Amino acid sequence: MNRYAIAVLPGDGIGPEVTAEAVRVLRAVAELHGFSIETAQYAVGAAGVAQSGDSLPPRTAAAVRDAHAVLLGAVGHPSLATAEGRRRPEAGLLALRKLLGAYANLRPVVLHPALGHASPLRPDRLEGVDMLIVRELLGGLYSGQPRSLAADAAVNTMRYTAPEIERVARVAFDTARVRRRTVTSVDKANVLEVSQLWRETVTRVAQEYPDVTLEHLYVDYAAMRLVANPAAIDVLLAENLFGDILSDEAAVLTGSLGLLPSASIGDGPGLFEPVHGSAPDIAGKGVANPLGAIASAAMLLRHGLAEAEAAARVEQAVAEVLAAGARTPDIARPGERSVGTREMGEKVVREVMAGREVAR
Ligand code: NAD
């Protein structure tokens, strides 16, 4: 029997509430598919600062490297919003991604048919939306040197090497192969030299994948395409800053932040977390939507543990629970009955276990 060690980093705010449900779902699907999940919890974010004065405590840093995968809730606390250095909760998350060598951030954006009303777009624009955004996560403006800030001038540097572009492009092409076989690469090659290298390198990598179609879009046009015809996009590949902006734009298509999962993969164990933050406005109330965390657990199964069938089972359970009408307050229509975090998690667990007969 395969045994997997999962480091669980619940973090702050609603993080512990939603990760608890994701862990319950992982246990259920492991039982069903005949593997075992061993979890251990570690502090990160404001919880790490409370424990050791560091948003990524040394104990957490040591543990994640030995795990098969890392499941994270969210970080951030109002009391530390202006904290400096590693006392800033978000600094712990950045340090964690770097530590794990997580250079590719994967964000699927899928519209659940029953939730079309929650989107700001017209329903006819949304039909068939099912995309995966692959964002380069370690390079570009976020880490390029030199960088500086003076009273009257500031500098950031967008820098990429061809190997950095190649490795993230391969993630995009590999995932496109098990999807609709199209990669849309985003750049600003009409203005930026870095984008010219990006375009050349992605085109070269594409030659290894003759079964996948590659198109290039300028980032401004990509931003328009995301709202004008989102269903046409399969895998969208972008550098760090463009990917950050476009993935948030794509996130609103589904109508709720609470539904969206992410995976950050690279050289070490993968990091899996919902897209949303710690939501201090609803923390501790038991109303947070756990489906983004549960869908992140599905990504952990697929990309972190190569348990693709178990991942599909969880994703199907989420879709079925939504189709059956279960709603946390963030996705409920006005006046519609809603359920809490725990009840939503229980419904998914029950739906996963309902697959018992099918799996055997
Ligand atoms: P947020 O995502 O925490 O919340 C934005 C809005 O969405 C809030 O109204 C919140 O109630 C709602 N929301 C978010 N997740 C939800 C869920 N699962 N169910 C129901 N409603 C949900 O973003 P914010 O308010 O800008 O940031 C709050 C804190 O989180 C800040 O400290 C920020 O730095 C941090 N943050 C962390 C991450 C992360 O851990 N990856 C990401 C974004 C923000």
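Nothing fancy with the numbering, it's 1 onward along the sequence. Not measured: the values here are computed from a predicted model. First listed ligand is number 1; within each ligand, the first listed atom is number 1.
Annotation for Glu309: atom CD does not count as buried by contact number, only 12 or fewer foreign heavy atoms lying within 6.0 Å.
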Between Leu291 and Met344, is a side-chain contact (heavy atoms from CB on, under 4.5 Å) present by the stated rule, with each step listed?
-> CA-CA 8 Å; Leu291 295 181; Met344 186 62 114; 3.7 Å; yes
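A cation-pi arrangement is absent between Arg59 and Tyr42, since the terminal nitrogen or guanidinium carbon is not both under 6.0 Å from the aromatic centre and inside a 45° cone about the axis.
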Under 3.5 Å, which donor-acceptor pairs link side chains of residues 276-285 to any protein atom two or more places apart or in another chain?
unit_1	atom_1	unit_2	atom_2	d
Ser278	OG	Gly76	O	2.7
Lys285	NZ	Asp281	O	3.1

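Partners of His68 under the ring-ring contact (aromatic ring centres under 6.0 Å, His included) rule, at least two apart in sequence or in another chain, are Tyr4. Residues forming a salt bridge (Lys or Arg N to Asp or Glu O under 4.0 Å) with Asp244 (at least two apart in sequence, or on another chain): Arg135.
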In a simple table, one pair per line, please give the protein and ligand 1 atom names for every N or O pair closer than 3.5 Å, along with the distance.
unit_1	atom_1	unit_2	atom_2	d
ligand 1	2 (O)	Gly277	N	2.7
ligand 1	3 (O)	Gly277	N	3.4
ligand 1	3 (O)	Ser278	N	3.3
ligand 1	3 (O)	Ala279	N	2.8
ligand 1	9 (O)	Asp281	OD2	2.9
ligand 1	11 (O)	Asp281	OD1	2.9
ligand 1	11 (O)	Asp281	OD2	3.0
ligand 1	18 (N)	His276	NE2	3.4
ligand 1	18 (N)	Asn289	O	3.0
ligand 1	19 (N)	Asn289	N	2.9
ligand 1	30 (O)	Val75	O	3.4
ligand 1	30 (O)	Ser278	N	3.1
ligand 1	30 (O)	Ser278	OG	3.3
ligand 1	32 (O)	Glu90	OE2	3.0
ligand 1	34 (O)	Glu90	OE2	2.4
ligand 1	40 (O)	Val75	N	2.9
ligand 1	41 (N)	Glu273	OE1	3.3

